[in-house]
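Working notes, beginning with the structure itself.
Each chain gets a letter, A, B and so on, in the order its sequence line appears, and its residues count up from 1.
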There are 4 protein chains.
Amino acid sequence: MEPSKDTDPAQRILEAADALFARQGYDGVSVRDVARAAGVNKASVFYYYNTKEKLFERVMTRYYEAHRRALQDAFAVEGSIHERLHHLVDGYLDFIVANDRYPRLVQGLLLSGSSELPLVSRGIGTLFEWTKTSLADVAPETGPKSTRQIFVTVAGAVMNYLVYAPALASSWGDDPLAPASFEERRAHLHWVVDLMLADLDASAPTG
Amino acid sequence: MEPSKDTDPAQRILEAADALFARQGYDGVSVRDVARAAGVNKASVFYYYNTKEKLFERVMTRYYEAHRRALQDAFAVEGSIHERLHHLVDGYLDFIVANDRYPRLVQGLLLSGSSELPLVSRGIGTLFEWTKTSLADVAPETGPKSTRQIFVTVAGAVMNYLVYAPALASSWGDDPLAPASFEERRAHLHWVVDLMLADLDASAPTG
Amino acid sequence: MEPSKDTDPAQRILEAADALFARQGYDGVSVRDVARAAGVNKASVFYYYNTKEKLFERVMTRYYEAHRRALQDAFAVEGSIHERLHHLVDGYLDFIVANDRYPRLVQGLLLSGSSELPLVSRGIGTLFEWTKTSLADVAPETGPKSTRQIFVTVAGAVMNYLVYAPALASSWGDDPLAPASFEERRAHLHWVVDLMLADLDASAPTG
Amino acid sequence: MEPSKDTDPAQRILEAADALFARQGYDGVSVRDVARAAGVNKASVFYYYNTKEKLFERVMTRYYEAHRRALQDAFAVEGSIHERLHHLVDGYLDFIVANDRYPRLVQGLLLSGSSELPLVSRGIGTLFEWTKTSLADVAPETGPKSTRQIFVTVAGAVMNYLVYAPALASSWGDDPLAPASFEERRAHLHWVVDLMLADLDASAPTG
DNA sequence: GATGAATGAGTATTCATTCAT
DNA sequence: TATGAATGAATACTCATTCAT
């Protein structure tokens with residue numbers, strides 16, 4: 001947990017900021033906290049990142065990049081709609097598992113009314129567009145079974161799991177953050193997606 | 001939105017705090033902000049609520065109360081499992097629509113690592129227990145189709161809609177906060193719940 | 001320790017203020033503290049005593065009165081110089097024992113550079129004059145054996161005992177505030193006074 | 001008295017705090033006062049000393065150190081009991097004269113019921129132990145002529161002189177803080193100590 | 001006679017940020 | 001490249017006091 005003194009200070013600062021922002025939110029973290037956690041002087045944080053806000057942006061930008069790449073890869077796979085959607089969900093979930101601070105950071109942003117909100121919106125928008133493309137022939141544009149409703153449900157089901165986990169831990173049984181729980185979650189999401197797709201196929205066999 | 005000078009100042013403070021905490025989060029709001037928004041002296045906030053934290057607790061307690069009542073009523077309805085679950089989802093959604101700041105407040109709490117977390121956990125836990133009772137004969141305790149997975153998905157689908165709304169607005173088409181959108185959302189949730197219940201019935205025809 | 005609700009509120013306030021000022025000093029006590037300890041509304045303190053400062057003055061005035069009376073009585077006794085001085089010391093000590101908050105209050109005043117200082121000075125001055133009268137034929141006006149030096153030593157020896165007591169308790173053995181300790185102190189003071197008087201008699205047998 | 005702008009700010013702050021705390025007591029001094037008196041920004045006080053309390057502790061610690069050294073030196077001197085006690089009194093008095101704020105600071109502490117009280121107690125306790133050692137063969141452990149009674153009288157006679165001085169000034173004649181007055185005081189204390197020792201020798205001729 | 005409500009001025013402390021070195 | 005020193009503005013909170021009732 002101690003910052004290894006021999007790595008790039010800029011990197012150490014970024015990593016410390018990442019962890020702290022995810023745990024306590026933007027307002028809950030002071031530059032002093034970050035500096036201490038990174039094992040550098042407070043002024044160094046400003047030396048490398050100019051302002052607290054820009055530091056936060058850098059933390060987020062890394063994730064946006066990784067997020068975009070992960071979903072692009074997942075989307076690029078060939079196959080049936082079922083297969084492609086499963087891939088998308090899996091890719092999303094894998095990304096979240098590998099970057100488990102991301103959901104908390106994004107939600108924090110969503111709640112703060114920050115000026116960064118457009119960036120998040122754009123990220124979500126892109127994902128939404130891909131989903132729309134995937135489901136174009138299957139789901140309607142509006143209505144209870146519309147892509148947009150499905151999207152919110154599934155995206156929320158992926159993201160929210162991580163945010164709710166601490167509050168669920170007590171009534172949950174197993175640790176919701178243990179690998180086994182993640183696999184159960186993945187299977188659950190596949191089940192839900194399959195149910196929706198099957199019903200869409202059945203009710204609109206025209207596509 | 002301007003505070004009507006002739007209503008109870010304690011109430012005006014509470015309402016202002018409610019709005020501000022929901023919009024900017026606990027750390028993002030200063031007592032000065034609250035006082036200004038309520039049109040009272042800063043010291044008056046302390047006169048009525050002693051500390052910022054207690055003020056926040058009062059804001060939350062009101063919601064917890066209302067939340068509990070809403071769900072209790074929804075749960076008390078007789079009928080088949082389908083009907084009862086629909087009622088539960090409807091009650092939840094109605095509550096959220098009527099108290100549209102609540103999801104943001106709760107999420108803010110979940111993200112801040114605040115000391116109030118246990119209170120939220122308890123609230124979520126209660127709701128989880130009711131869901132478990134409702135689904136006792138239908139869904140297993142663990143696995144992809146378990147009550148706990150269904151619970152996270154459905155509860156998240158209800159709560160998150162409000163949190164994501166601002167980020168979705170641009171790629172959404174209609175305003176996600178318009179009454180019509182809420183009804184579409186409600187129908188969607190019913191659809192999803194029905195799909196899951198139907199599949200559970202089919203795969204475990206014991207009920 | 002609870003204030004008996006049926007006594008005069010003005011009295012209850014005065015008593016509470018007395019105890020608190022003695023324990024925590026003027027600045028260490030808030031009007032809220034006094035009101036709470038007296039079991040009255042904060043505004044009542046102002047109703048009866050106008051300001052915190054005037055309340056403090058009232059607390060002190062009571063003591064000045066009692067102090068003056070006690071010493072006057074002690075001084076009025078006929079007899080030899082030895083006897084009169086013993087009486088003075090005894091009267092002083094009795095007064096202190098009966099009003100054990102007084103030394104702390106006076107010292108607090110002395111240290112605060114308060115505007116009440118002249119009042120204290122006057123009280124001490126009176127006592128000094130009496131002592132001077134008593135010793136007029138025995139002790140010189142200046143020098144190591146002067147009345148003024150004797151006065152400071154003896155007065156300080158009486159007053160300070162109460163102020164140092166809490167700090168002494170640990171290395172003392174017995175409780176310095178127990179009655180037996182007070183009697184030991186009294187005997188000690190008599191011893192010291194007698195030693196000084198005897199020496200004065202011996203060295204200046206002219207009086 | 002004006003802070004010379006070119007000396008170490010930390011030192012200037014300490015010196016200003018020292019003077020102010022001695023004059024007005026801990027509660028009577030605000031950090032703003034200290035900063036202004038030291039000619040630095042208010043935040044600088046916290047930069048150097050973290051909290052008002054720690055600043056105060058630093059002020060006191062310096063004195064404790066000096067106090068301890070002064071008395072240790074005074075005690076280390078060889079000679080008869082008379083000589084050693086004279087040295088102790090002289091050392092104490094010299095220290096007080098050189099550090100004339102110390103008595104007021106200590107008394108302020110004694111009167112505030114502060115949490116630092118144990119530190120003062122320890123300081124006084126050490127001095128008491130030395131006195132006990134010095135008088136072991138001469139004075140009893142309890143009773144009117146006991147070391148503990150002598151200690152309180154003499155220590156109080158030294159310390160209190162400085163605290164009473166302002167209140168005495170008017171009825172005193174000369175300025176009690178003038179060097180000549182201090183020498184008169186010193187001689188007086190020697191006289192008193194000698195009287196007590198002589199009497200102890202006479203009544204218990206074992207030494 | 002007594003008090004609930006209200007407040008302006010003040011408290012200690014934290015913060016993001018700048019800058020000389 | 002890195003940092004110790006310094007600060008203006010803000011923070012939560014307390015206080016003695018006033019006043020309408």
Arg68(D)/Glu65(D) salt bridge by N-O under 4.0 Å criterion: yes
Are Glu15(A) and Arg12(A) within salt-bridge range, i.e. N to O under 4.0 Å? no
More than 12 heavy atoms of other groups within 6.0 Å of Arg32(C) CZ: no
Under 6.0 Å from the CZ atom of Arg58(C), do we count more than 12 heavy atoms belonging to anything else shown? no
Measure from [atom1] on [X] to [atom2] on [N] and round the result to the nearest Å.
X: Asp27(A); N: dT14(E); atom1: CG; atom2: P; answer: 17 Å
X: Arg36(B); N: dG8(E); atom1: CZ; atom2: C1'; answer: 16 Å
X: Tyr49(D); N: dT14(E); atom1: OH; atom2: P; answer: 17 Å
X: Gln24(D); N: dT11(E); atom1: CD; atom2: P; answer: 11 Å

Just need the stems in DNA chain F: three or more back-to-back Watson-Crick or G-U pairs, each with both distances under 3.5 angstrom, sorted by first number. E:2-21 with F:2-21
Reported CG-to-CD distance for the pair Leu109(A) and Glu57(A), which is rounded to 0.5 angstrom: 9.5 Å
Strictly by modelled atom types, are Tyr63(D) and Asp18(D) linked by a side-chain donor-acceptor pair under 3.5 Å? yes
Are OP1 or OP2 of [N] and a side-chain N or O of [X] less than 4.0 angstrom apart?
X: Ser30(A); N: dT14(E); value: no
X: Arg32(D); N: dG10(E); value: no
X: Asn50(B); N: dC13(F); value: no

On DNA chain F, does the nearest nucleotide to Tyr47(A) precede the nearest nucleotide to Tyr26(C) from the 5' side, or the other way round? Give the residue. Tyr47(A)
Ranking Ala43(C) and Phe46(B) by the position along DNA chain F of their nearest nucleotide, the one closer to 5' is Phe46(B)
Determine yes or no for a side-chain-to-main-chain donor-acceptor pair under 3.5 angstrom, with Ser44(B) supplying the side chain and Tyr47(B) the backbone. no
N/O donor-acceptor pair under 3.5 Å between Arg104(D) side chain and Leu162(D) backbone: no
With sugar-phosphate meaning primed atoms plus P, OP1 and OP2, does Val29(A) contact a base, only sugar-phosphate, or nothing at under 4.0 Å between heavy atoms? sugar-phosphate
Is any side-chain heavy atom of Arg62(B) closer than 4.5 Å to one of Leu14(B)? yes
Expected list for residues 51-60 of chain B near DNA chain F, using heavy atoms below 4.0 Å, is Thr51(B), Lys52(B)
With hydrogens left out and only the distance checked, is there a donor-acceptor pair under 3.5 Å joining Lys42(A)'s side chain and the base of dT17(E)? yes
Of the nucleotides dT3(E), dG4(F), dT7(E), which has the atom closest to the Ser44(C) side chain? dT3(E)
Winner on side-chain proximity to Asn41(B), out of dA12(E), dC13(F), dT7(E), is dT7(E)
